[in-house]
Structure formats: structure tokens, C-alpha cells
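Not measured: the values here are computed from a predicted model. Proteins get letters first, then strands, A, B, ... in listed order; numbering begins at 1 in each.
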2 protein chains.
Amino acid sequence: MSMLESEQTKLQETNNYVPKQPSHIECSIEKALDVIGGKWSFLVIRELFNGTKRFGELQRTISSVSPKSLTDTLRHLEENGVLERTAYPTVPVTVEYKLTPKGDDLHQMIKAMKLWAAKWY
Amino acid sequence: MSMLESEQTKLQETNNYVPKQPSHIECSIEKALDVIGGKWSFLVIRELFNGTKRFGELQRTISSVSPKSLTDTLRHLEENGVLERTAYPTVPVTVEYKLTPKGDDLHQMIKAMKLWAAKWY
DNA sequence: CAGTATCCCTCCAGATACTG
DNA sequence: CAGTATCTGGAGGGATACTG
């Protein structure tokens, strides 16, 4: 709890993305929604299901999301332990994003969503 | 461009603001997120899993959501065919909300979300 | 290349008041 | 009881310019 709190506070101070949600997360499912409920979150995760991607790749494939919004989304997912950021000290810099096991494990959940949507749409 | 077309049905072509979603819904999963991704949507659905509820009941159980937000949420879910509104001509009016089969069928999806959350939190 | 730093504006969420 | 009507702050998010 205290960790979450400090993260939230830090996010607000730096004017970064703070996901919309009721002020109290009373149910564990809210955490899942917090992770994939953002405007761009799911699209990023979907890209990363196909493997490691770089910042520029994501920006190009995801309908020209602005760098600011993409950064905010990536930070939020990273703080939730869903993806991992790796910077290589090349010139110029190379940064790669990949899903963590926790992120990979979203697959079942997203599959269930896909099943529901396929059935009713 | 005509600014005021029917708002919810033409998500794909409009350049207008679409809340919480990229302007193009390219993937069926986006529909699932559209249904449960709202700030209050999931909480309402969760209540209705326990059976038919009235407006006032929902308002009381869901941490004092404002009537406007609750109405907006209920309308949105109704338009998506997830729940059903029934008004009885009593005095004063009695209105009941219950999940449709489509809404009941969200159960698997939500179960998957719960499993993921339980595993990682 | 992969981001920051700004500016700016849209636009909902929530509060409040009112009503059939 | 079950909603509408109305107002508003401030955050969400885009555009652009800049940088290590």
C-alpha cells in the first residue's frame, strides 16, 4: 500500500498519467482494469505480445500516438510490472520494451475478452 | 465535417473525441474494454451479477456515485446491450436494472481478470 | 533515437439544484 | 424515486520544439 501510495504521489507531482479509477481500489479486478484500461495500454501490450519492440516502432505502429502519451503509457505499465524497459548505451540510444512474465500472463485474460467480443459482435 | 452526428454508433469514421478509446476501434477487444472500461461500469455490473437492482440501490452501494455519473454509465451499458432497464408505472416510479444474457456472459471474462489479479496482487 | 519540456485546450466527472 | 439541468475545475492528451 505504502509503495503504491508513493508512486501515485510521485506521478501526480510530475504531472504524469494517472489512470482514471475510483479513488479506492476495493476489488482486485480494478487492478486489471488499471493495467489495461488506459487509452493506449492495450494497444501497447498487444504489440508486445509479438515480441520486443523499440520506442519508435511502437510509435509508428500505434496510429501515431504522441510521444508524450506513449511515454506516459509505457511508464505506467512499467510501474505496474507489466513490461520491462532496457536501454542500451549505443549511439544513438537504443531502448527496448518487452513484457514481463506478469505481462505475458495477461494473455488468458485478453483471450477471454476476445472470446466474449467475438460472441457478441 | 458535420460535427453532430449520432455519437456512439460511428466510432470508426469520426475524428471527434471518443472517450477512453483510440478513434479507431480496430480490434474486437476494444469493444470489451468499451463496455467494462468505464470508471463505474464494472462496479455496476458487479452489483447486477447479484440480481436485479434499482437505481437507488446502485447509488447507495456504489460509494456515492453521483446520479449523473450513474445515469451515464447505465445508459452506456444499456446501449451496449449489456443490461436492461424496466420502468414500472407505480407512484413514485420504480425502475429496475438487470443484466441481459450478453451481460451475464461477461462472467467468464471477469473471472479471467480476477484470476490474473489474484495471481499477481 | 528516445524521449523532455511546454503550451494549450478540450471535455468529462462530480457537485448541486431541480422535477415529473 | 429516479432521474434531468447546469456549471465548473482540472486533468488528460495533442502538437510542437528541443536535447543527450
Determine whether a donor-acceptor pair (N or O, by modelled atom type, separation under 3.5 Å) exists between the side chain of [X] and the backbone of [Y].
{"X": "B:S41", "Y": "B:G37", "value": "no"}
{"X": "B:T100", "Y": "B:V82", "value": "yes"}
{"X": "B:T71", "Y": "B:P67", "value": "yes"}
{"X": "A:T61", "Y": "A:E57", "value": "yes"}

What integer distance in Å separates [X]:[atom1] from [N]:[atom2]?
{"X": "B:Q59", "N": "C:dA13", "atom1": "CD", "atom2": "P", "value": "16 Å"}
{"X": "A:K39", "N": "C:dT10", "atom1": "NZ", "atom2": "C1'", "value": "11 Å"}
{"X": "A:R75", "N": "D:dG12", "atom1": "CZ", "atom2": "P", "value": "17 Å"}
{"X": "A:K53", "N": "C:dC1", "atom1": "NZ", "atom2": "P", "value": "16 Å"}
{"X": "A:E78", "N": "C:dA2", "atom1": "CD", "atom2": "P", "value": "15 Å"}
{"X": "A:E96", "N": "C:dA2", "atom1": "CD", "atom2": "C1'", "value": "13 Å"}
{"X": "A:L74", "N": "C:dA2", "atom1": "CG", "atom2": "C1'", "value": "11 Å"}
{"X": "B:R60", "N": "D:dA2", "atom1": "CZ", "atom2": "C1'", "value": "12 Å"}

Check: For DNA chain D, which consecutive runs of 3 or more Watson-Crick or G-U pairs (each distance under 3.5 Å) count as stems?
Finding: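 So far as stems of 3 or more pairs are concerned, DNA chain D shows C:1-20 with D:1-20.
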Next item on the list: For A:T90, enumerate each residue passing the side chain to side chain contact (heavy atoms under 4.5 Å, CB included) test, keeping only those at least two apart in sequence or located in another chain.
Entry: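 A:Y88, A:T94.
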- side-chain contact (heavy atoms from CB on, under 4.5 Å) between A:L43 and A:L58, intermediate numbers included: CA-CA 9 Å; A:L43 294 175; A:L58 292 172; over 6 Å; no
| task | Any ring pair (Phe, Tyr, Trp, His ring centres under 6.0 Å) involving residues 92-113 of chain B? Give me the pairs, sequence neighbours left out, ordered by first then second residue. | result |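 Those involving residues 92-113 of chain B are B:F49-B:H107.
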- request: Could you verify whether a donor N or O on one side chain and an acceptor N or O on the other, from A:N80 and A:H76, lie under 3.5 Å apart?
  value: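 Indeed, the side chains of A:N80 and A:H76 share at least one donor-acceptor pair under 3.5 Å.
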Pull out every protein N or O sitting under 3.5 Å from an N or O of nucleotides 16-18 of chain C, one pair per line with the distance.
none

Note to self: Counting only side-chain heavy atoms from C-beta out, which of D:dG14, C:dT4, C:dA2 sits nearest to A:T71?
What the structure shows: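 The answer is C:dT4.
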Strictly below 4.0 Å, heavy-atom distances to any atom of DNA chain C: list the hits from residues 83-93 of chain A, or just say none.
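A:R85, A:P92, A:V93, in order of number.
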Measuring to OP1 and OP2 of D:dA2, would you say a side-chain N or O of B:R54 lies under 4.0 angstrom away?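 Yes.
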Original post:
Distance check: side-chain N/O of A:Y97 vs OP1/OP2 of C:dC1, anything under 4.0 Å?
Top reply: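 No, outside the criterion.
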Show me the side-chain donor-acceptor pairs of residues 113-121 of chain A shorter than 3.5 Å, one per line, residues at least two apart or across chains.
from: A:W116; atom 1: NE1; to: B:K102; atom 2: O; distance (Å): 3.2
from: A:K119; atom 1: NZ; to: B:D105; atom 2: OD2; distance (Å): 3.4
from: A:W120; atom 1: NE1; to: B:D105; atom 2: OD2; distance (Å): 2.8
from: A:Y121; atom 1: OH; to: B:K102; atom 2: NZ; distance (Å): 3.0

task = Dump the intermediate steps for salt bridge (charged side-chain N to carboxylate O under 4.0 Å, His left out) on A:K31 and A:D34, then the final yes or no.
result = CA-CA 5 Å; A:K31 286 304 296 179; A:D34 181 35; 3.7 Å; yes
Checklist entry - What do the steps show when you test B:V95 against B:T86 for side-chain contact (heavy atoms from CB on, under 4.5 Å), and what is the final call? => result CA-CA 6 Å; B:V95 180; B:T86 312; over 6 Å; no
